Amino acid sequence: MAAVLRLLKPSPLSSSAAFVRRGLLSTTIAASEADARAKSPLYPRGSPAPRGAGTEGRSVQWVFLGCPGVGKGTYAGRLSTLLGVPHIATGDLVREELSSSGPLSSQLTEIVNQGKLVSDEIIIRLLFKRLEAGEAKGETGFILDGFPRTIRQAEILDDVTDIDLVVNLKLPESVLLEKCLGRRICGECGKNFNVADIKVQGENGRPGISMAPLPPPPQCASKLVTRSDDTEDVVKERLRVYKEKSQPLEEFYRIQGKLLEFDLPGGIPESWPKLLEALNLDDHEEKRSAAA
Ligand SMILES: Nc1ncnc2c1ncn2[C@@H]1O[C@H](COP(=O)(O)OP(=O)(O)O)[C@@H](O)[C@H]1O
């Protein structure tokens, strides 16, 4: 934990902490939504600013919450392309570390394959290293996926930067399990697919959900791999850990007035337009596609 605390103190040695802090400093004079619209190419004239718009001088700083398998990576990735900000998934950072022969690799393999959380200290070190690399490339803003996952991580994040918006994606638990078990990754290009064909009857006033499989293109079909932590027992443990350690974050951000709850109505074709609408970005995408 000592290393984490060191990262939080303003120190010329910690340029990644300085990078995230700059976000904090640049928000001390908050621009109004109208200002943001007028001055940023992200908010076309005449359209409403997105929910949780970044303030003048920087791009959005968003967090995606949600149980394993809910689709955080998919939607955070799409929004990152749309808004031109990096999508930073701490799960990816952990998997990169696992596939390297670095000193943390064997320690992390055991934790991840048991469905447990990596320590706050290690995950913050990996995240700050990634932010530092982004800073060197001139990145501004971010969409965080899989971080924070504990109240402690959220407090540390709040100490170093401002979060504009927290999107909480939700699906029924039975769907989450099926989605994780159907998840496949192309071992060559790294793209995600899903072989599960999900149809859940509506009950207690909740509409049914149907999610068509997301099949790989022919060039990926023979190279599919399954994540080692996507087995039934490990997914159930990850869901349990999520409820215990991460669900309290919903209240943490609700109190701050930053939480946007979003019940996914189905697969990508049904959910993406509705999510854009909830974020006031539907018009934004139309203008982007028209300009492309
Ligand atoms: N913020 C975090 N804190 C602790 N551990 C993390 C964090 N992010 C990722 N991990 C580790 O990496 C694993 C994979 O993360 P991720 O790809 O986000 O999985 P999920 O599909 O469960 O959301 C987690 O089960 C956990 O062991």
Side-chain angles (χ1 to χ4, degrees), residues 1 3-4 7 20 62-77 80 87-100 102 104-131 142-161 163 166-171 173 175-185 190-194 196 214 225-250 252-253 264:
M1 197 44 74
V4 172
L7 283 173
V20 281
W62 288 358
V63 161
F64 265 69
L65 291 183
C67 286
V70 77
K72 297 185 294 292
T74 302
Y75 296 102
S80 121
H87 165 210
I88 302 179
T90 43
D92 290 346
L93 302 182
V94 169
R95 280 183 289 278
E96 273 164 35
E97 195 64 36
L98 291 184
S99 61
S100 75
L104 287 178
S105 178
S106 60
Q107 191 190 338
L108 293 185
T109 305
E110 204 175 314
I111 298 171
V112 172
N113 286 343
Q114 286 174 357
K116 308 282 188 219
L117 290 185
V118 170
S119 74
D120 290 342
E121 185 175 353
I122 291 178
I123 206 78
I124 282 167
R125 204 188 310 156
L126 293 177
L127 176 64
F128 277 33
K129 196 170 121 197
R130 166 64 186 81
L131 289 171
F142 49 72
I143 299 183
L144 294 181
D145 152 9
F147 188 95
R149 241 175 167 104
T150 63
I151 294 285
R152 176 85 187 110
Q153 291 177 13
E155 286 169 348
I156 289 170
L157 194 60
D158 271 0
D159 277 345
V160 295
T161 195
I163 296 303
V166 177
V167 182
N168 187 29
L169 298 182
K170 294 196 291 192
L171 274 174
E173 193 161 325
V175 176
L176 295 169
L177 185 60
E178 267 193 81
K179 274 195 76 201
C180 282
L181 298 182
R183 189 147 63 178
R184 299 290 181 275
I185 302 160
K191 286 211 177 101
N192 284 282
F193 305 101
N194 208 301
L214 190 61
V225 291
T226 305
R227 265 171 56 170
S228 58
D229 57 345
D230 274 345
T231 61
E232 185 162 348
D233 286 348
V234 179
V235 172
K236 285 186 173 159
E237 175 61 7
R238 279 158 56 209
L239 288 168
R240 190 195 67 73
V241 170
Y242 187 87
K243 278 191 204 142
E244 182 191 322
K245 304 261 168 81
S246 308
Q247 215 140 332
L249 290 169
E250 294 174 8
F252 181 91
Y253 286 119
L264 290 156

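Throughout, numbering of the chain's residues begins at 1 and tracks the sequence. Atoms within each ligand, like the ligands themselves, are counted from 1 in listed order. For clarity, every value in this text was computed on a predicted model and none was experimentally measured.
Exactly one residue among Val166, Leu157, Thr90 makes a side chain to side chain contact (heavy atoms under 4.5 Å, CB included) with Leu144. That residue is Leu157.
Considering only non-hydrogen protein atoms, atom 1 (N) of ligand 1 sits nearest to Gly146 O, 2.8 Å. Closest to atom 8 (N) of ligand 1 among all protein heavy atoms lies Thr90 OG1, 2.9 Å. The nearest heavy-atom contact from the protein to atom 4 (C) of ligand 1 is Val118 O, 3.2 Å. The single protein non-hydrogen atom nearest to atom 27 (O) of ligand 1 is Lys116 O, 2.6 Å, given as residue, atom name and distance. The protein non-hydrogen atom at the shortest distance from atom 14 (C) of ligand 1 is Arg95 NH1, 3.6 Å. Looking from atom 19 (O) of ligand 1 to the surrounding protein, the closest heavy atom is Arg227 NH2, 3.2 Å. Distance from atom 9 (C) of ligand 1 to its nearest protein heavy atom, with residue and atom name: Arg149 NH1, 3.6 Å. Arg238 NH2, 2.9 Å is the protein heavy atom nearest to atom 21 (O) of ligand 1.
One finds the CG atom of Leu127 at 13.5 Å from the CD1 atom of Ile122 (value rounded to the nearest 0.5 Å).
Every salt bridge (charged side-chain N to carboxylate O under 4.0 Å, His left out) that Arg238 has, sequence neighbours left out, goes to Asp229, Asp230.
The closest approach between any non-hydrogen atom of Arg183 and ligand 1 is below 4.0 Å. At least one heavy atom of Ile123 lies less than 4.0 angstrom from ligand 1.
Under a 4.0 Å criterion applied to the non-hydrogen atoms of Gln153, ligand 1 contributes the atoms 1 (N), 2 (C), 3 (N), 4 (C).
Shown here for Cys180 and Val235, the closest heavy-atom pair between the two residues is CB-CG2, 3.6 Å.
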